[in-house]
Amino acid sequence: MPKKTPFILVDVFTSRPFGGNQLAVFTDAAALSASEMQELAHEMNFSESTFVMPPESSGARRVRIFTPKHEMPMAGHPTVGTTWVLASGGQIALDSASVDATLQLGIGPVTVTVESTGGKPDFVWMAHREPEFGAKRDDGKRIAEALGITAADIRDDLPIQTVSTGVPFVFVPIRTLDALAKCAPNAPALAALFKPDEPILPIYMFVAKESGEFAPRSRMFAPHDGVAEDPATGGASAPFGAYAATYGLIKPAPKASFLIQQGVEMGRPSEIRVEVARKDSGALAIRIGGRCAIVGEGSMFL
């Protein structure tokens, strides 16, 4: 007799069905092995799928996150989407207009905040670690060629740099929306940007603004993870907030908030809210958030 494993499908960083980033939340994963989780994530073939365990001694639910190819220690849209599903199903009690909860991810405990009306979630925030800035890259021409654009399409007044709040991304500042639209996820070319002994990092391209106020638009390629392009990347949005604050695109004293549009080129438009605040210590406090739409449910058989 096959083992039935229930799941809920949710579109993340959108307020309407069939936009945003797709997520499968396996709500009762206590009896699943890691290999079974990986098989299910591969079968779903979304950017990520999540697997929810019962609360631990701390009261926090353990959530494991898998791409079609491997497990992730942390990711934004799976955390926001899983929180929305748990809150919608009553596993996170919405007994006030704003409720904090903790999820145990691969990087450790992560605080999520659910804003609600009438016992139903309206918005989910995910707090991020302080950012870690990696090396700046000076091979813009090579990166441009790997993306299918020209070196002139990459801004020279902002660095190409790795930044992480749990998962590292290479941030590439693009001049125009036209150039952003031309970028293509060429897996061999992107892998060749890294040395054989280096991890292959996802590439996050953004246009800060073409005119007027700061209104970034982005794309993210991670074909080595089985994700040719991601329609919404919460795990990159927080370090992008740190990048924006560090290089003067926003002023986080005392607080700045902005909206990232992503997934437009894929036909799955997403909106990710980013909030960056400067602590008294000078460090940055960052959280990202958005809305979700539950679009289906069912069971997989193992």
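Positions are given from 1, in the same order as the sequence printed here.
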Taking atom types as modelled, is there a side-chain donor on [X] or [Y] under 3.5 Å from an acceptor on the other?
{"X": "Thr111", "Y": "Asp100", "result": "no"}
{"X": "His77", "Y": "Glu48", "result": "yes"}
{"X": "Asp11", "Y": "Thr14", "result": "no"}
{"X": "Glu275", "Y": "Trp125", "result": "no"}

Taking the side chain as C-beta and beyond, is there a heavy-atom pair between [X] and [Y] under 4.5 Å?
{"X": "Thr102", "Y": "Val112", "answer": "no"}
{"X": "Phe194", "Y": "Val170", "answer": "yes"}
{"X": "Pro239", "Y": "Pro131", "answer": "no"}
{"X": "Gln38", "Y": "Glu36", "answer": "no"}
{"X": "Pro202", "Y": "His224", "answer": "yes"}
{"X": "Ile143", "Y": "Ile160", "answer": "yes"}
{"X": "Pro223", "Y": "Leu190", "answer": "yes"}
{"X": "Glu71", "Y": "Arg64", "answer": "yes"}

Do other residues, nucleotides or ligands put more than 12 heavy atoms under 6.0 Å from the NZ atom of Lys279?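 For Lys279, atom NZ is crowded (more than 12 foreign heavy atoms under 6.0 Å).
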Crowding at NE2, His42 (>12 non-hydrogen neighbours, <6.0 Å):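 Result for NE2/His42: open.
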Once you round to the nearest 0.5 Å, how far does [atom1] of [X] lie from [atom2] of [Y]?
{"X": "Ser116", "Y": "Phe123", "atom1": "OG", "atom2": "CZ", "value": "13.5 Å"}
{"X": "Ser218", "Y": "Ile174", "atom1": "OG", "atom2": "CD1", "value": "11.0 Å"}
{"X": "Ser164", "Y": "Phe133", "atom1": "OG", "atom2": "CZ", "value": "10.5 Å"}
{"X": "Ser270", "Y": "Phe13", "atom1": "OG", "atom2": "CZ", "value": "8.0 Å"}

Quick one: do Glu265 and Lys182 make a salt bridge, cutoff under 4.0 Å?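 Result for this pair is no, no salt bridge flagged.
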Please determine whether a side-chain nitrogen of the Lys or Arg among Arg268 and Glu229 lies less than 4.0 Å from a carboxylate oxygen of the Asp or Glu.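 A salt bridge is absent here (no side-chain N lies under 4.0 Å from a carboxylate O).
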Residues Asp197, Lys195; criterion salt bridge (Lys or Arg N to Asp or Glu O under 4.0 Å); working and verdict: CA-CA 5 Å; Asp197 59 343; Lys195 297 176 182 177; over 6 Å; no
Check step by step if salt bridge (Lys or Arg N to Asp or Glu O under 4.0 Å) holds for Glu145 and Lys141. CA-CA 6 Å; Glu145 290 174 350; Lys141 183 175 185 297; 2.7 Å; yes
Please say yes or no: joined through hydrophobic side-chain contacts below 4.5 Å, possibly via intermediate residues, are [X] and [Y] part of one cluster?
{"X": "Ile65", "Y": "Phe46", "answer": "no"}
{"X": "Val52", "Y": "Leu94", "answer": "yes"}
{"X": "Leu158", "Y": "Val163", "answer": "yes"}
{"X": "Val167", "Y": "Phe206", "answer": "yes"}

Compute the ring centroids of Phe169 and Phe240, then answer whether they are less than 6.0 Å apart.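 Between Phe169 and Phe240, the centre distance exceeds or equals 6.0 Å.
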Set out, in order, the CA-CA distance, both residues' side-chain angles and the distance that settles side chain to side chain donor-acceptor pair (under 3.5 Å) for Thr233 and Gln262, then state yes or no. CA-CA 8 Å; Thr233 315; Gln262 191 178 337; 2.9 Å; yes
Tell me the closest heavy-atom pair linking [X] and [Y], and the distance in Å.
{"X": "Ala41", "Y": "Ser49", "value": "CA-OG, 3.9 Å"}
{"X": "Asp230", "Y": "Ser47", "value": "OD1-OG, 2.7 Å"}
{"X": "Asn21", "Y": "Ala232", "value": "ND2-O, 2.7 Å"}

In sequence, state the C-alpha distance, the side-chain angles, and the governing distance for Arg291 and Glu271, and then conclude on salt bridge (Lys or Arg N to Asp or Glu O under 4.0 Å). CA-CA 8 Å; Arg291 294 183 170 87; Glu271 294 187 341; over 6 Å; no
Side chain Arg217, main chain Ala208, donor-acceptor under 3.5 Å: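 Not confirmed, Arg217 side chain does not pair with Ala208 backbone.
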